[in-house]
Amino acid sequence: MTFGEQLLDVASTRGRLCAGIDPHPSLLTAWGLPVSVAGLEEFSKICTEAFADTVALIKPQVAFYEVFGSAGFAILEHMMAALRAQGALIVADAKRGDIGSTMAAYAAAWLESDSPLCADAVTVSPFLGYGSLAPALELAEKNSRGVFVLAATSNPEGQAIQSCINTQGATISQQIVDAVAADNAQHQIAGNIGVVIGATLSDTPELKNLRGPILMPGVGAQGASAKDVSELAQGIEHLVFPNMSRGILLDGPNVADLRKRIAFEAQNFPGFPR
């Protein structure tokens with residue numbers, strides 16, 4: 001199966017909620033944990049216990065592990081392996097973007113089977129040109145892993161670029177979505193390439209031809225609701241995976257409380273029978 005098909009398959013029983021793992025210093029402190037490698041490790045263990053068998057898609061924010069250097073990456077590697085072992089799919093939120101051999105190295109780090117950091121998917125930035133992502137897109141197709149391409153983010157700085165009109169009369173965001181749709185056209189159900197679309201946006205690219213998964217951050221603490229997601233996803237609801245991070249994590253550190261919150265939020269984003 002493609003990554004998209006794998007994701008739909010898991011979501012059919014677990015729902016479409018994507019749970020973010022963001023060990024921000026303020027969250028570590030709120031959980032009574034030290035802002036240290038030991039605190040990061042305990043935070044990650046709690047998230048693993050709460051999320052591994054309950055959530056379809058889990059999105060660790062790589063930066064909060066990277067800040068602790070090699071020790072942080074070791075914790076991330078162990079956590080991702082433990083989550084995947086219980087059936088969850090992992091999208092590493094690394095937002096990588098470069099050209100040539102450097103992009104190929106990033107792709108291998110996150111999408112190659114023998115890499116310690118291998119995830120089911122990775123987020124990438126196309127703003128050096130969509131073609132610069134070719135090494136990641138090709139490896140995703142080869143290994144049936146996923147790539148989520150930033151297309152329409154909700155931060156004002158992003159909109160200043162993404163809403164610009166190209167020479168064909170389309171926004172940059174629409175150009176990216178259309179390029180992803182063209183890459184996914186070879187697949188009947190859902191391909192390996194997805195996009196990131198902010199749930200807080202009032203105006204988004206046309207998505208109906210995408211034929212790939214849509215990661216939609218901004219639900220919960222950032223202000224978007226299940227209703228907002230539904231309005232943005234009309235006709236393609238089965239492909240949309242709304243992301244919640246702080247909206248769930250603020251209920252920690254008790255595992256039972258986290259699982260209760262996940263169950264409550266997931267009912268707003270049911271999966272579809274396969």
Side-chain angles (χ1 to χ4, degrees), residues 10 14-95 110 116-117 119-123 148 154-155 196 198-200 215-226 229 241-269:
V10 177
R14 297 191 181 192
R16 292 178 291 115
L17 183 68
C18 172
I21 298 181
D22 294 8
H24 190 282
S26 64
L27 269 173
L28 293 176
T29 301
W31 283 21
L33 299 173
V35 182
S36 65
V37 170
L40 180 70
E41 185 171 28
E42 182 62 20
F43 185 97
S44 301
K45 286 180 179 178
I46 292 169
C47 288
T48 299
E49 187 175 351
F51 298 162
D53 63 348
T54 57
V55 183
L57 186 63
I58 300 173
K59 183 175 73 65
Q61 173 48 258
V62 170
F64 292 123
Y65 290 85
E66 190 171 356
V67 73
F68 289 99
S70 59
F73 272 118
I75 293 169
L76 178 62
E77 292 168 15
H78 180 79
M79 180 185 72
M80 290 196 300
L83 290 166
R84 296 177 75 202
Q86 294 194 55
L89 296 182
I90 308 301
V91 50
D93 195 359
K95 298 184 178 70
W110 298 103
L117 286 169
D120 297 290
V122 64
T123 57
F148 283 97
S154 55
N155 62 307
V196 180
T200 57
L215 184 62
M216 198 169 279
V219 178
Q222 294 182 47
S225 66
V229 172
F241 288 77
N243 172 238
M244 293 188 70
S245 299
R246 282 175 293 166
I248 294 173
L249 295 171
L250 286 172
D251 279 26
N254 183 276
V255 170
D257 290 340
L258 287 168
R259 291 171 75 92
K260 183 178 179 179
R261 184 57 181 263
I262 291 165
F264 174 78
E265 298 294 348
Q267 67 185 347
N268 292 316
F269 309 110

Heavy-atom pair of closest approach, residues G20 and N243: N-ND2, 3.3 Å
Candidate pair C18 and F269, rule side chain to side chain contact (heavy atoms under 4.5 Å, CB included), full reasoning: CA-CA 10 Å; C18 172; F269 309 110; over 6 Å; no
Shortest non-hydrogen contact between V35 and P25, atoms and distance: CG2-O, 3.9 Å
For L249 against F51, the heavy-atom pair lying closest together: CD2-CZ, 4.0 Å
Pair V91-F241, side chain to side chain contact (heavy atoms under 4.5 Å, CB included): steps then yes or no: CA-CA 12 Å; V91 50; F241 288 77; over 6 Å; no
Smallest separation among heavy atoms of G218 and T200, with atom names: O-CG2, 3.8 Å
The single option from T54, D53, N254 passing side chain to side chain donor-acceptor pair (under 3.5 Å) against R259: D53
Side-chain donor-acceptor contact under 3.5 Å, D22 with Q61: no
Residues E66, F73; criterion side chain to side chain contact (heavy atoms under 4.5 Å, CB included); working and verdict: CA-CA 6 Å; E66 190 171 356; F73 272 118; 3.7 Å; yes
Distance (rounded to the nearest 0.5 Å) between I21 CD1 and L27 CG: 11.5 Å
Reported CG-to-NZ distance for the pair L89 and K59, which is rounded to 0.5 angstrom: 15.0 Å
From F148 atom CZ to T123 atom OG1, the distance as rounded to the nearest 0.5 Å: 9.5 Å
Heavy-atom side-chain contact between I262 and L17 under 4.5 Å: yes
Whether D251 side chain and R261 backbone form a donor-acceptor pair below 3.5 Å: no
Separation between NZ of K45 and CD1 of I75, rounded to the nearest 0.5 Å: 9.0 Å
Main-chain N/O of F264 paired with Q267 side-chain donor or acceptor, under 3.5 Å: yes
Backbone of V55 reached by a side-chain donor or acceptor of R14 within 3.5 Å: yes
Closest contact, heavy atoms only, V62 versus A92: CG2-CB, 4.1 Å
Nearest non-hydrogen partners of M79 and T48, listed with the distance: CG-OG1, 3.3 Å
Nearest-0.5 Å distance, OG of residue S225 to CG of residue N268: 9.0 Å
Interatomic distance, L258 atom CG to I248 atom CD1 [nearest 0.5 angstrom]: 8.0 Å
E49 atom CD, over 12 foreign heavy atoms within 6.0 Å: no
Over 12 non-hydrogen atoms of neighbours within 6.0 angstrom of NZ in K95: yes
Non-hydrogen side-chain atoms of P217 and V219 separated by less than 4.5 Å: no
Residue pair P60 / D93, side-chain heavy-atom distance below 4.5 Å: no
Main-chain N/O of I90 paired with D120 side-chain donor or acceptor, under 3.5 Å: yes
Geometric class of the F64/H24 ring pair [parallel <30°, tilted 30-60°, perpendicular >60°]: perpendicular
